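Since the model is a prediction, treat every value here as computed from it, not as a measurement. Lettering of chains follows the sequences in order, A, B, ..., and the numbering in each one begins at 1.
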Amino acid sequence: MAKNLLIVESPAKAKTIEGYLGKDFLVKSSYGHIRDLVKTDDAIDTEKNFEQKYEVPSDKKAVVSELRKLAKAAETVWLASDEDREGEAISWHLFETLGLKDENTKRIVFHEITKPAILKAIDNPRKIDYNLVNAQQARRVLDRLVGFELSPVLWKKVKPSLSAGRVQSVAVRLIVDREREINKFEPEAAFKIVAFFHTGKVKDSFKAELPQRFATEAEATKFLEDCKAALFSVKNLETKPAKRSPSAPFTTSTLQQEASRKLGFSVARTMQVAQRLYESGRITYMRTDSVNLSDTAIEAAEKEIKSAYGNQYHKLRKYKTKTSGAQEAHEAIRPTYFSEHTIDGDASEKRLYELIWKRAIASQMSEAEFERTLAKIDISTRTEDLNASGEVMKFDGFLKVYMESLDDEQDSAMDEDSDNAILPPLAVGMPLTLKNMSATERFTRPPARYTEAALVKKLEELGIGRPSTYAPTISTIQNRGYVIKEEREGKSRDYRVLTLKDAELTAITKTEITGAEKGKMFPTDIGVVVNDFLVEHFNGIVDFHFTANVEKEFDDIAHGLTEWTKMLHDFYGPFHSEVEDTLVNADRANNERELGIDPVSGKPVSVRIGKFGPLVQIGSPDDEEKPRFASLRKGQMIETITFEDAMELFKLPKKVGLFEDKEMTVAVGRFGPYIRHNSAFYSLPKGVDPLDVTEEEAIQIIKDKRQKDIEKVIRVFEENPDAQIEQGRWGPFIRFGKQNLKIPKGTEIEKITYADVLKWAEADAPKGKATKAKTTEKKTVAKKAPAKKAPAKKTTKSK
DNA sequence: CAGTGAGCGAGCTTCCGCTTGACTT
């Protein structure tokens, strides 16, 4: 048995460290936290100084009992969890749960997994820092109190099963606020002047722009008219050197942002792929807020840069974390071996690795150097000057490997086409020939909607959430139905273009699509209702600075300046009163709004959240005649729907005629417009307006769909017409009544018999019972598991 | 992907942060 047991948080880390330490050390992992507050409402006794009830969750029991056994046998136990609040608490929980003794327990910390760092840590052991542990307890207890007191208020005042919390509710608020800014936004039009000149040789033409814009078409026209007979010349030339520096290596948040922009990954996908790279030893730990590189990494990068690109490309750089609240328990995300420019693996692993490699390498490279030229062009008939700018790269530096892409926000702040073209040789006083000039009507743009990654960036700026929770938070707010990531169609908009060419002025109207979105975060009506409710009654909690403020107090606790229970008392007293008060006094929230009066019945038309989502309604339940109802469609919201749009909703579902003696009905569902016929669904092709589908068109759509279905069938089983092999998206599968069966790998399709199908269907039917039986040790678990299953399934299915 | 839309009421939901697999589609 080894003399020393060293416990870290992650098994991959344990493996690496074991290699550094040799035979005397057994290195094991706790797999994160091993204890947590019990899941029931009595986890914290607010009357007794916030006394907590902890338990080892069932999935951690095996880990804990193994560690306990090993700890008993070891001479010394080294607690090597991360050096941050959570890590310190993990060490403390291990100490308590494993029944460790002070005299043979040592607490050590390191910020990088390198041999010198580990050895140095072992030479400098310390004791558990109870101030830091208390700070974590305060954090944990506060989050539980907030989450488990606010959520039930929502169940009572809005809808069951909703949730609220210090992090998720602010994330939703950001999205709701942004949506409102966009709705409120009124674009302003202005005419932008762009001209193309040459110096005699037509192929040397270059672009110039007027820095100011004209508010009206009349002013723009006047400008172009003035330019008809004008003489143009170079008035001023200025050449300046410019430099661009590389970005710091990746943290979790910046990796998520770049992977989203450059690879189109969701934050969850980025983390999944990064996890695989980490586990296979390709990269360092992927949940980090630090931009720091270890000395060994900096040296390795230097060596690689010098040998691959030359000495002039290297520049030693150390980065400082700007994010407030960063705990820097790890290194930045970097490749383990800089010499590996690419790796084996699937496509997404390769692409993400390359991104990480390039960013880390570039962070140790020299600046890119440019020469930027700005030319001012005189117009003889006007006082304004045109600007032309060009950029020549003198030295590529880090750009040889890595170019960071721009955010949407930065994007819209910049001119769409302010490219860095090359200017031909120019001299002051040189006359210029105008090729053409245009005045194009351009509109100011509303603030950009959040992508998942942009939301993570914002949360990080506000100090809300941690690297390990960004991706889960983004998932939570979508799973709760507060926000939805989707595609929305834009609207077309006309704009004017005036062109001056060969001393002739022409004007045309063009059309563009504006406001189309893909993969952006939109609030849902329920998200809006919950947000407004929380802002009205619990503004302190959903305030953007709440986390930053309590973090300061946690820091004070960590430094021994504040008693953690006092901090919680001061918070909980007023908070709990607010909860009580809201439960008694607040109205139910459904964001009801009256839109107008139905001209046919004379009854009021209103919109609100109903039992099954947002709806419009004509009349009220008090009327003798029952009210009429219709659900809102994709992209429509309670807050913004117009009376006209609401009235349109009552036109569907609509009967369009008969086919095979059965009625055909057109309606709009969750996945778009469809025809219902004989209890089957046929979606309408794109671009067909559900309101004016004719009987003939509907019949054709049904026939087309049937034809396509027939083409998909590979084989039908004679024994049962409900059993057939079909070509699916990912290959053939068996449709057996309502069951979809996988075909086992290596099976020849020709040889499948009906008996096989019956056998596979049988095997497919009952699921997941074996695994559940194992976890029924505790009464609470046994009671909860089946009850949980049923409603959870329903909600996921109804999406 | 329809239909529904009140209120009654048992028993359920819920937080954030630290880690991986074991699940399904």
Side-chain angles (χ1 to χ4, degrees), chain A residues 8-13 29-37 39-41 43-44 57 59-60 63 81-82 84-87 89-90 93 136 139-155 159-169 275 278-279 285 287 329 464-470 472-473 476 480 547 590 608-617 621-622 626-631 653 665 667-676 679-684 728-730 733 740 742 767-768 771-772 783-784 786-788 790-793 795-796 798-799:
Chain A
V8 294
E9 292 180 33
S10 146
K13 219 187 256 182
S29 148
S30 73
Y31 292 83
H33 274 293
I34 50 144
R35 261 200 333 187
D36 192 15
L37 294 173
K39 290 185 176 50
T40 44
D41 284 342
I44 297 154
D59 59 329
K60 288 289 166 63
V63 177
S81 47
D82 298 344
D84 56 20
R85 213 159 55 200
E86 298 298 324
I90 288 176
H93 282 302
Q136 193 273 348
R139 199 281 303 157
R140 180 69 190 90
V141 169
L142 180 132
D143 281 338
R144 168 58 69 87
L145 290 173
V146 169
F148 275 40
E149 295 214 5
L150 279 190
S151 301
V153 178
L154 296 180
W155 304 343
K159 207 177 106 168
S161 299
L162 294 175
S163 66
R166 175 177 57 84
V167 173
Q168 57 169 289
S169 297
Q275 177 84 27
Y278 167 65
E279 283 172 13
Y285 197 56
R287 290 186 276 265
I464 298 172
R466 303 277 313 128
S468 68
T469 59
Y470 294 139
T473 300
T476 300
R480 294 269 175 277
T547 291
N590 64 9
R608 66 181 165 91
I609 291 246
K611 205 169 170 183
F612 308 104
L615 62 91
V616 282
Q617 161 180 348
D622 307 334
K626 273 198 168 182
R628 291 175 64 198
F629 299 102
S631 296
T665 311
V668 174
R670 181 76 187 79
F671 307 135
Y674 63 92
I675 300 166
R676 197 165 142 232
S679 73
F681 298 93
Y682 304 87
S683 33
L684 291 191
R729 255 188 85 167
W730 296 288
F733 69 100
N740 288 345
K742 264 188 195 166
K767 267 179 226 163
T771 50
K772 210 150 280 157
K783 232 166 83 184
K784 268 179 195 167
K788 225 188 219 171
K793 258 198 177 160
T795 49
T796 46
S798 65
K799 279 193 217 160

Exercise for review: May I ask you to say what A/G465 touches in the nucleic acid, namely base, sugar-phosphate or nothing, with a heavy-atom cut-off under 4.0 Å?
Suggested key: sugar-phosphate

Review point. Contact class for A/Y278 (heavy atom, under 4.0 Å): base, sugar-phosphate, or nothing?
Key: sugar-phosphate

Got a donor-acceptor pair under 3.5 Å from the side chain of [X] to the base of [N]?
{"X": "A/R139", "N": "B/dC16", "answer": "yes"}
{"X": "A/R140", "N": "B/dC15", "answer": "yes"}
{"X": "A/S161", "N": "B/dT13", "answer": "yes"}

Revision key, fill the gap. Value for CG (A/D41) from CZ (A/R144), rounded to nearest 0.5 Å, stands at 8.0 Å

Exercise for review: Return the set of residues passing ring pair (Phe, Tyr, Trp, His ring centres under 6.0 Å) with A/F681 (not counting sequence neighbours), or none when no residue passes.
Suggested key: A/Y674

Check your understanding: Can you list the residues that meet the ring pair (Phe, Tyr, Trp, His ring centres under 6.0 Å) rule with A/H93, with sequence neighbours excluded?
Key -> A/Y54

Exercise for review: Can you tell me, in whole Å, how much space there is between the C1' of B/dG9 and that of B/dT13?
Suggested key: 16 Å

Review point. For B/dT20, does OP1 or OP2 lie under 4.0 Å from any side-chain N or O of A/R287?
Key: yes

Review point. Using a cut-off of less than 4.0 Å, is there contact between a side-chain N or O of A/R166 and OP1 or OP2 of B/dG17?
Key: yes

Exercise for review: State, with a plain yes or no, whether a side-chain heavy atom of A/I90 is found less than 4.5 Å away from one of A/I34.
Suggested key: no

